Amino acid sequence: MSTQNTHPVAYVRREMLDPAAPPPGQTGVIRWMRENLVSSWFNAILTFVALYVIWYVLSGILPWTLNGIWNATSLNDCRAIRDARGLESAACWAVINERWLQILFGFYPTDDPLLARLFHGEALAAAGGVDTVFNGGLNATQRIEFVSAMKNQTSNGLILFFGYWRPMLALLLLVVAVAPVLYSSLPRSMLLFSLAYPFVAFFLLWGGSVWLPVLVALGLVACILIGRTLASRFGMLGGTLGGLLAFLLIFMNPLSFLGITGVFPLLPTVQGVFDSILPWGLAAVSSDQFGGFMLAIIIGTSGIVLSLPLGIALALGRQSSMPLIQWVCVAFIEVIRGVPLIVWLFTASLLLNYFLPPGTSFDLLLRVIIMVTLFASAYLAEVVRGGLAALPNGQYEAANSLGLDYWKSMRLIILPQALKISIPGIVNTFIGLFKDTTLVVFIGLRDPLGLTNAIRATSEWNGIYWELYIFVGLLFFTFCFFMSRYSMYLEQRLRTDHR
Amino acid sequence: MNKKVFLGALTVAGLAAGASAAATLDDVKARGSLKCGSNEGLAGFAAPDANGVWQGFDVSLCRAIAAAVLGDAQAVEFVPLTSQTRFTALAAGEVDVLIRNSTWTFSRDTDLKLDFKGVNYYDGQGFMVRSDIGVSSAKELDGTTVCIQTGTTTELNLADYFRVNNISYEPVPVATNAEGQQQYLAGACDVYTTDISGLAATRATFENASEHVILPEVVSKEPLGPAVRHGDSEWGDIVGWTLSALIAAEEYGVTSANVSELSANPTANPEINRLLGTEGELGAMIGLDKDWAARAIAAVGNYGEVFERNIGEATPIGLARGLNAQWTDGGLLYAAPFR
């Protein structure tokens, strides 16, 4: 028998005590402040200096912003209201209140017949009905008087949704089209709409006959189908040649050098037939009516979408073992990247006209989109090349040893890794491209900054600066911030190395 | 060899451009609208209202031409041009006429291959300073900093004037009038110089306009007028005579209010009759119908009405007629006879 338990023990705790609260000063806000703000005398000084600076800046900005005047008819009116309220300084947000549609859309035409029908039926009837007012009964002067009077009585919100329904719908569909590309959890079938979106957007924004975008899309599909069919029968070369020939017949006139027109290209001929049978379409809008933040979105989005594949192709071309391709790509990248964007824009807007045959009116907006795309793609090529160079040689060798050909090894092994590495650089380029769209102001396109100048030139708002610039800045910030956040999300999602 | 080919291509392009330019009137009629090169925004001269309709002194002349040629004052597409791009855009055929407060100078008229077709506003370069620096004459501006728009004649005039008067200054280049205003207000420069009309418009927007003075010296001649391409005299005639029609209308007392009455039947004044097409066939000589001038006047009013509505003393800009009065009132406006 053991005697171990016979020794009496004075006290044995049978259960655990609850942990005691940490001493005051070691917890919560106080501890956080002590550790982060005043951990040493130097940090304490920095903290107080920083607090003073923040207070100083905010005490200047916040009253000015929050006391802002939203309803006034002119800058002088604003100043009078401010003085009447006894304020020292106040923002004159009234200019934004009156002109925000102009900053967003420039002078893009509103759908006036729709506005008139929906909200001013009586005035429209008094003026003689839709056909009289908008379809030739009145001349431009009388029509503009009617529309101006109508818009003065319609709130900007209504004009946004009903007057500008075309760009608004295009923007909404842009979100739908981009979503499946950005978020892989969405159904893949939505990608079909993403492919069709450029044609839908073109139709909504530029208007004209519905058959043009439809037939262009069908023509492209036809080229691809013909190429594929021929490729399965006659091999790669036959397929490419067949596809090219189909493209030539549909979109160009291969017989123009013989002076034969009228048959080819097939596209306008077919379009003419469809237009005569079913003349569907929207009112056409020419490119020089585009403006405002919409212009930045159009140029930016097209540039981003088009420059990514081009940039990747250039990066691959630069690494190619075929000297001709390599030289061409190197020359392209260095020339485009070595010249300022503004020079390319001036080239697009002014010089091209001298060299193109007279009478060719090559759309200025299209010229700008092409130049911006080329410029961004040269930068992208170098970013992607950085990603390609960062991959260890073993990846290339592994791909080769699996027996993959060049395109398959790129598509399945090299590019997914290289692009993942390049995401921050790519998004950086995109954000830069988006902000560079404001440079088009120098070639006379009405970007948001150009419009602030125009608004300032009216006698009501002459002399107003900060409010307009802040508004434009906020618009750009919203978009760039979204892009930056998305790239961080994408990096998180693609992080496969379990760091 | 390559150079030759290149030059050859240039020549062909140039010839072709000339050929296409020769029929601006036909182009405008076929298009149904006038492409008018305008300022991106200059108070009183060109600015869009809240509904996007352009208004202003220069804009009115564009509208008058559209009314004369197309019968519709609103059938104008305004192409905003910067001071750097304006002449190239006109030469490249992107606009039909340039009415963008551009100064008529020898080299622009000849070397740049433009034709200035008259003067719609006689301006001159002046200086604005804060009244508290105690300067009452431009000759006292020695050692000051001057805000100046680049790419304009004012830049060259400034250099000339200060060199002649042996004044040293430090230029602060600005790109636009808006930037100039802001720099001047922020104190980046002591002096802001541009055309007097621009100074008056700028000063009108200041919160304390009385703290700024426009100095009495006018250091340059700035005849601002509409310009067209060399080599299309028919189109140039239309532009020039539309301007003359507005000026003559003021001289003869034809206004937008009474033009329809005066053009209905011949009046006692044969000059008015020829102007408004109730006598003679002047319109046919420039490829238009006989009511062309009456339409232009009905659309925008005569020169005096255009002036008072956009930049006159009743507007915030508040310019006096000065040199821009009729010759009968001691100004420089003098329309050639309609005969």
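Protein chains get the first letters and strands the later ones, always in sequence-line order, with residue 1 at the start of each. Because the structure is predicted, anything quoted here is derived from the model rather than measured.
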> Look up atom CD in Glu207(B) and atom CG in Asn76(A), then write down how far apart they are to the nearest 0.5 Å.
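Taking CD in Glu207(B) and CG in Asn76(A), the distance rounds to 9.0 Å.
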> Roughly how far apart are Phe107(A) CZ and Glu77(B) CD, rounded to 0.5 Å?
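Atom-to-atom, Phe107(A):CZ and Glu77(B):CD are 13.5 Å apart.
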> Check this for me: Lys29(B), atom NZ, are more than 12 non-hydrogen atoms of other residues, nucleotides or ligands nearer than 6.0 Å?
yes
> A quick test of your reading: do over 12 heavy atoms of other residues, nucleotides or ligands sit less than 6.0 Å from CG of Asn71(A)?
no
> Is chain B contacted by the side chain of Trp100(A), its backbone, both, or neither, given a heavy-atom distance below 4.5 Å?
neither
> Between Arg99(A), Glu98(A), Gln289(A), Lys151(A), which residue shows the highest count of heavy-atom pairs closer than 4.5 Å to chain B?
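Greatest number of close heavy-atom pairs with chain B: Arg99(A).
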> Donor-acceptor check, side chain of Gln102(A) to backbone of Asp49(B), threshold 3.5 angstrom: yes or no?
yes
> Please look at Leu81(B) and chain A and tell me whether the side chain, the backbone, both or neither of the residue comes under 4.5 angstrom of a heavy atom of that chain.
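No part of it gets close to chain A.
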> Counting heavy-atom pairs under 4.5 Å with chain A, which one of Pro316(B), Ala67(B), Gly41(B), Ala50(B) comes out on top?
Ala50(B)
> Ignoring hydrogens, what is the shortest heavy-atom contact between Ile144(A) and Gln74(B)? Give both atom names and the distance.
CD1-OE1, 3.2 Å
> To the closest 0.5 Å, what do you measure between OG1 (Thr205(B)) and CH2 (Trp461(A))?
13.5 Å
> Phe346(A) and Thr85(B): side chain to side chain contact (heavy atoms under 4.5 Å, CB included), yes or no, with the steps?
CA-CA 9 Å; Phe346(A) 272 120; Thr85(B) 58; 3.3 Å; yes
> State, to 0.1 Å, how close Ala46(B) and Ala457(A) come at their nearest heavy-atom pair, and which atoms those are.
O-CB, 3.8 Å
> Measure Phe45(B) against the heavy atoms of chain A and call it side chain, backbone, both or neither at under 4.5 Å.
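The answer is neither part of Phe45(B).
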> Let me confirm one number: the CZ-CG distance from Arg143(A) to Asp72(B), rounded to the nearest 0.5 Å.
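Going from CZ on Arg143(A) over to CG on Asp72(B), the span is 7.5 Å.
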> Taking all heavy atoms of Phe78(B) and all of Arg446(A), pick out the closest pair and write down the distance.
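Residues Phe78(B) and Arg446(A), closest heavy atoms: O-NH2, 2.8 Å.
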> Quick check on the interface: out of Gly450(A), Ser148(A), Pro109(A), Gly106(A), who has the most heavy-atom pairs with chain B under 4.5 Å?
Ser148(A)
> If I measure from the heavy atoms of chain B, does Val441(A) come under 4.5 Å with its side chain, its backbone, both, or neither?
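The backbone, not the side chain.
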> Would Gln182(B) and Trp466(A) count as a side chain to side chain contact (heavy atoms under 4.5 Å, CB included) if you check the C-alpha gap in whole Å, the side-chain angles of each, and the deciding distance to 0.1 Å?
CA-CA 10 Å; Gln182(B) 193 64 358; Trp466(A) 290 99; 3.9 Å; yes
> Which pair of non-hydrogen atoms, one from Asn462(A) and one from Ala201(B), has the smallest distance, and what is that distance?
ND2-O, 4.0 Å
> Let me confirm one number: the CG-CG distance from Asn51(B) to Asp112(A), rounded to the nearest 0.5 Å.
9.5 Å
> So for Pro48(B), is it side chain, backbone, both, or neither that comes closer than 4.5 Å to the heavy atoms of chain A?
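Answer is both: backbone and side chain atoms of Pro48(B) are under 4.5 Å from chain A.
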> Taking CD in Glu88(A) as the centre, count heavy atoms belonging to other residues, nucleotides or ligands within less than 6.0 Å. Is the count above 12?
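12 or below, so no.
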> Determine, for Arg456(A) against Glu40(B), whether the closest basic-nitrogen to carboxylate-oxygen distance falls under 4.0 angstrom.
no
> Tell me, for Thr82(B) versus chain A, whether the close heavy atoms (under 4.5 Å) come from the side chain, the backbone, both or neither.
side chain
